[in-house]
Amino acid sequence: MKIKRILVAGGAGFLGSYLCERLVSAGHDVICMDNFFTSQKLNVSQLMKCSNFELIRHDVTLPLFLEVDEIYNLACPAAPGHYQYNPIKTMKTSMLGAINMLGMAKRCRAKILQASTSEVYGDPDVHPQPESYRGSVNPVGMRACYDEGKRAAESLFMDYHRCHKLEIRIARIFNTYGPRMHPYDGRVVSNFIRQAITGEPITIFGDGDQTRSFCYRDDLVDGLIRLMENDKNFIGPVNIGNPDEFTIRELAEQIINQVNSKSEIVYRPLPDDDPKQRKPDITLANKTLNWEPKTSLSEGLKKTINWFKTIDMEHYRPPTPRY
Ligand code: NAD
Ligand code: UDP
């Protein structure tokens, strides 16, 4: 195997830290870059003893000069409460971050992967969502800083590919959960598990009939690595997610049952522009990457709940303002 120098921007986050772990254990020389806006050093502390792992505190909106063979760009707040905390910064992180990472890739002739999102489809009126669907995003809404930022980043990636022949990859990631989610990030899985364990009420926004399709972290990261490493030079965009679709009420019930929780369900107002339904069409990932998720929701929730039971929530910064 060829040992590669790999930069993971946003590498201390929920997904990034597990990606770093996978790349380090495959023997690569891994540089994790993060400004710790939504993550803790705790996520990568177990890697600090590895001689092929390095941690850099840096903001992706600023230029960075490194010599690398591959770049995974995951640097961006991902939870609605996190990305709406400072929406202008979120847009800068998506756009300037993409420009800085693409600039580095161009200089080093490195291969570069963008962690895009199902949010590029907005509140979709095509269901399930194939990559050919152009989306229904409100460009002036509360989610636009993230959705439009990620859309702009995809455009930048494609233009660097067309203008500079850069080897790019674009993954459209659908809702992913698992160990190391921030317990106060406000995302539905982390909220419900935390609430169920601590006995707080489970907060369903709206009537709970809206749907999401939840992918377990390990499956997702496996999809990202396959996309980066595929030898067909397949660039995407490609959906990576689990097509098993659940209503938010069904998710709440599964978590309450698994935790054996006494928490009651309470209903809260639905945030603006909250997508009514979401489910990836993964035909393309299946065909080109021979990828499909292997972990069922109940199995993935079990592992995630077990992890949540081991952590000290005091170690995590308090809830974001929205929640
Ligand atoms: P996360 O918040 O745990 O990770 C993001 C990481 O980026 C954090 O460590 C954060 O500190 C870092 N970061 C944020 N702004 C930065 C900046 N300006 N400079 C440097 N680092 C910065 O979220 P995650 O769920 O691990 O998401 C990782 C990536 O995957 C994000 O780009 C996100 O948009 C994308 N994604 C995730 C999901 C999901 O369901 N988890 C879905 C779609 C897309
Ligand atoms: N949600 C909820 N209760 C919560 C947090 C979220 O009902 O405590 C809902 C939210 O309104 C949305 C879905 O769960 O319909 C998924 O929310 P999340 O923030 O995890 O991700 P999104 O897919 O909306 O970006």
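Order of listing sets the numbers, starting from 1, for every ligand and every atom in it.
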| request: Give, for atom CE of M142 and atom CG of D274, the distance between the pair rounded to the nearest 0.5 Å. | output: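 M142 atom CE to D274 atom CG measures 11.5 Å (nearest 0.5 Å).
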| task | Give, for atom OG of S39 and atom CG of D185, the distance between the pair rounded to the nearest 0.5 Å. | result | 11.5 Å
Side-chain contact test, heavy atoms from C-beta onward, threshold under 4.5 Å: evaluate it for [X] versus [Y] and give yes or no.
{"X": "K279", "Y": "P124", "result": "no"}
{"X": "Q114", "Y": "I168", "result": "no"}
{"X": "N43", "Y": "D34", "result": "no"}
{"X": "N242", "Y": "Y216", "result": "no"}
{"X": "M228", "Y": "K4", "result": "no"}
{"X": "P128", "Y": "E245", "result": "no"}

Non-hydrogen atoms of [X] versus ligand 2: any pair closer than 4.0 Å?
{"X": "R143", "value": "yes"}
{"X": "A79", "value": "no"}
{"X": "G186", "value": "yes"}

| request: Please step through side chain to side chain donor-acceptor pair (under 3.5 Å) for the pair Q46 and E21, ending with a clear verdict. | output: CA-CA 9 Å; Q46 76 290 0; E21 224 169 83; 2.8 Å; yes
| field | Non-hydrogen atom of M181 closer than 4.0 Å to ligand 1 | value |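 No heavy atom of M181 comes that close to ligand 1.
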| query | Is the closest heavy-atom distance from R187 to ligand 1 below 4.0 Å? | reply |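 R187: in contact with ligand 1 (<4.0 Å).
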Enumerated ligand 1 atoms positioned under 4.0 Å from heavy atoms of [X]:
{"X": "T93", "value": "15 (N), 18 (N)"}
{"X": "A12", "value": "9 (O)"}
{"X": "H58", "value": "19 (N), 20 (C)"}
{"X": "F36", "value": "11 (O)"}
{"X": "Y146", "value": "33 (C), 34 (O), 36 (N), 43 (C), 44 (C)"}
{"X": "V60", "value": "17 (C), 18 (N), 19 (N), 20 (C)"}
{"X": "N175", "value": "40 (O)"}

| request: With heavy atoms under 4.0 Å as the rule, classify the contact between S116 and ligand 1 as side chain, backbone, both or neither. | output: backbone
| query | Are D222 and R226 ion-paired here, with the side-chain N under 4.0 Å from a carboxylate O? | reply | yes
Are [X] and [Y] linked by a side-chain donor-acceptor pair shorter than 3.5 Å?
{"X": "H127", "Y": "Q129", "result": "yes"}
{"X": "D218", "Y": "Y18", "result": "yes"}
{"X": "S116", "Y": "E154", "result": "yes"}

| said: Check whether H28 reaches the backbone of I3 with its side chain - one donor and one acceptor, N or O, closer than 3.5 Å. | reply: no
| query | Where's the contact between T203 and ligand 2, heavy-atom distance under 4.0 Å: side chain, backbone, both or neither? | reply |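 For T203, backbone and side-chain atoms both sit under 4.0 Å from ligand 2.
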For ligand 2, is there an N or O atom under 3.5 Å from any N or O atom of [X]?
{"X": "Q195", "answer": "no"}
{"X": "R187", "answer": "no"}
{"X": "F205", "answer": "yes"}
{"X": "Y83", "answer": "no"}

Identity and separation of the nearest protein heavy atom to [atom]:
{"atom": "atom 40 (O) of ligand 1", "value": "T176 N, 2.8 Å"}
{"atom": "atom 4 (O) of ligand 1", "value": "G13 CA, 3.6 Å"}
{"atom": "atom 1 (P) of ligand 1", "value": "T38 OG1, 3.7 Å"}
{"atom": "atom 37 (C) of ligand 1", "value": "L15 CD1, 3.9 Å"}
{"atom": "atom 5 (C) of ligand 1", "value": "C76 O, 3.2 Å"}
{"atom": "atom 32 (O) of ligand 1", "value": "K150 NZ, 2.9 Å"}
{"atom": "atom 18 (N) of ligand 1", "value": "D59 OD1, 3.0 Å"}
{"atom": "atom 12 (C) of ligand 1", "value": "D34 OD1, 3.3 Å"}

Nearest neighbour of [atom] from the list [options], on a heavy-atom basis:
{"atom": "atom 15 (N) of ligand 1", "options": "N35, T90, I240", "value": "N35"}
{"atom": "atom 21 (O) of ligand 2", "options": "V188, V266, N175, D209", "value": "N175"}
{"atom": "atom 29 (C) of ligand 1", "options": "D185, I173, L74", "value": "L74"}

| Taking V30 as the fixed residue, which of V68, V24, L7, V44 is the one that meets the side chain to side chain contact (heavy atoms under 4.5 Å, CB included) rule? | V24
| query | What about A75: any of its N or O atoms under 3.5 Å from an N or O on ligand 1? | reply |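 For ligand 1, there is no N or O atom that lies under 3.5 Å from one belonging to A75.
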| message | Taking 4.0 angstrom as the limit and counting only heavy atoms of I204, give me the atoms of ligand 2 inside it, by number and element. | response | 7 (O)
| query | Should the pair H82 and F37 be assigned to parallel (<30°), tilted (30 to 60°) or perpendicular (>60°) ring geometry? | reply | tilted
| task | Specify whether Y316 and W307 have parallel, tilted or perpendicular ring planes, treating 30° as the upper limit for parallel and 60° as the lower limit for perpendicular. | result |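 Plane angle over 60°, so perpendicular.
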